[in-house]
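What follows is a single structure, written as structure tokens, with notes after it.
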Amino acid sequence: MPELPEVEVVRAGLVPAVTGASVASVTVFDERSLRRHEGPSEDFIDRMRGVRFAAPERRGKFLWLPFVSEIQEFPTHAGGSNGVSGGERSKSPEFPKDPVGARGDAAELPGEALVVHLGMSGQVLLRDRSTDDRLTRIRLDIVHPTAGALRLNFVDQRIFGSMAINTMLPTRDHPEQLIPAQVAHIARDPLDECFDDALFLKRLGARKTGIKRALLDQTLVSGIGNIYADEALWAARVHYDQPTSTLSRPRAQLLLAEVRAVLVKALGEGGTSFDAQYVNVNGNSGYFSHSLNAYGQQGKPCPRCGTPIVREQFMNRGSHFCPKCQKVSG
DNA sequence: AAGTAATCCTGATCGC
DNA sequence: TGCGATCAGGATTACT
């Protein structure tokens, strides 16, 4: 289950290969992976071709590759010797409408980005042009100025993930920062330097729900999924169904600190993977699964007190906790 | 309005 | 060996 650390590993892995690279060709093998793209696959393919990427960015579990806007593009020799820029770009007659109008005025163009969400089982694999991966739903062949011809395979078994082209908007709290429109409702993640601890604690206290529900609500705090929610709750000794309004401020602050600690530690170990469901851009697994204290540890002794870890169904997923260390307090 | 349930989705694995 | 049942859960949509 790719959560913040796993997505960040992917983002960091893509930076050297994608920044400054141009899209040579796009193949959509399963258009369900474009569910979040507004328009058919032909529209996606047509708009991707010839695009040049800036450095990949991330918020929570969302990843995006900004397009270098035309105004910023390096002056390049007209005609393009590599054959992938400009000239071949064709416009689909079914979708001639440019929402902004004046294509000629590059300064008026809104920024766009390729938004990627890995869902439950998504991977972005960086390959050479001769490598295919099973379950590849979308393939991007790119050309990097120094690394040359490369391939990005978007692999996704369960098709909960997606790719989409999306326009960029100013963020509410820091308008000089841009974010894809479909990510605008996602809260900043706890590793974001602009994350507002006081605002988070205030909103958390106002919720009328259980703490794990709140941690998994990406509009309150992003990047946390089932694994790291269970791990942070275990570390802070909080029961998953503890009402948010009953958490004392120090306890909530401790929990936030433990969330950060577990995310940072997992990031340092390359993320969590139990099998081939999550890998970095080179197809390698992370090691954090060796560091889990609660998630998936049902029946095994709690590393703190020895009481067997319990797994319960909650929110249509598993919740793992120590029944002795983590009790609902009131 | 806010909180919660339903929905999507398929390869790997297991039991018989 | 084959086959159906089971399992994993992030984000959005649809309700109450």
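Labels below follow one simple rule: chain letters A, B, ... track the order of the sequence lines, proteins then strands, and each chain is numbered from 1. What you see is a predicted model; the values in this text were computed from it and never measured.
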Problem - Sequence neighbours excluded - side chain to side chain donor-acceptor pair (under 3.5 Å) pairs with any residue from residues 209-222 of chain A - result: A:R207-A:D217, A:K212-A:N226, A:K212-A:D230, A:K212-A:S319, A:D217-A:T219
Problem - Whole angstrom value for the distance that separates P of B:dG3 from CD1 of A:I211 - result: 13 Å
Practice task
May I ask you to establish whether A:R59 and A:W64 are in a cation-pi arrangement, using a distance under 6.0 Å from NZ or CZ to the six-membered ring centre and at most 45° from the ring axis?
Solution key: no
Handout entry: Atom-to-atom span, CD of A:Q182 to C1' of C:dT12 - whole angstrom
Key = 11 Å
Practice task
Mind calculating the distance between CG (A:L220) and P (B:dA2) to the nearest angstrom?
Solution key: 13 Å
Problem - A:E193 atom CD, neighbour heavy-atom count above 12 within 6.0 Å - result: no
Practice task
Using a cut-off of 6.0 Å, state whether more than 12 heavy atoms not belonging to A:E38 lie near its atom CD.
Solution key: no
Handout entry: Selected nucleotide, minimal atom distance to A:Q313 side chain, candidates C:dG10, C:dA8, B:dT4
Key = C:dA8
Exercise for the section: Give a yes-or-no answer on whether the side chains of A:Y240 and A:E312 include a donor-acceptor pair shorter than 3.5 Å. Expected result: yes
Practice task
Report which part of the nucleic acid A:R203 touches: base, sugar-phosphate, or nothing (heavy-atom distance under 4.0 Å, all strands).
Solution key: nothing
Practice task
Please state how far atom CZ in A:R207 lies from atom C1' in B:dT4, giving the value in whole angstrom units.
Solution key: 12 Å
Fill in the blank from the handout: Looking only at C:dT12, C:dA11, C:dG10, the nucleotide nearest the A:Q218 side chain is C:dA11
Exercise for the section: Indicate the ring-plane relationship of A:H117 and A:F62, choosing parallel, tilted or perpendicular according to the 30° and 60° boundaries. Expected result: perpendicular
Practice task
Round to a whole Å and report the spacing from CG of A:L215 to P of B:dG3.
Solution key: 15 Å
Exercise for the section: Take nucleotides 6-11 of chain B nucleotide by nucleotide from the 5' end and write B, S or -, depending on whether a protein heavy atom sits under 4.0 Å from the base, only from the sugar-phosphate, or from neither. Expected result: -BBBBB
Practice task
Remember a base hit wins even if backbone is also touched, and classify A:G318 as base, sugar-phosphate or nothing at under 4.0 Å, heavy atoms.
Solution key: sugar-phosphate
Problem - For DNA chain B, the residues among residues 230-245 of chain A that have a non-hydrogen atom under 4.0 Å from it - result: none
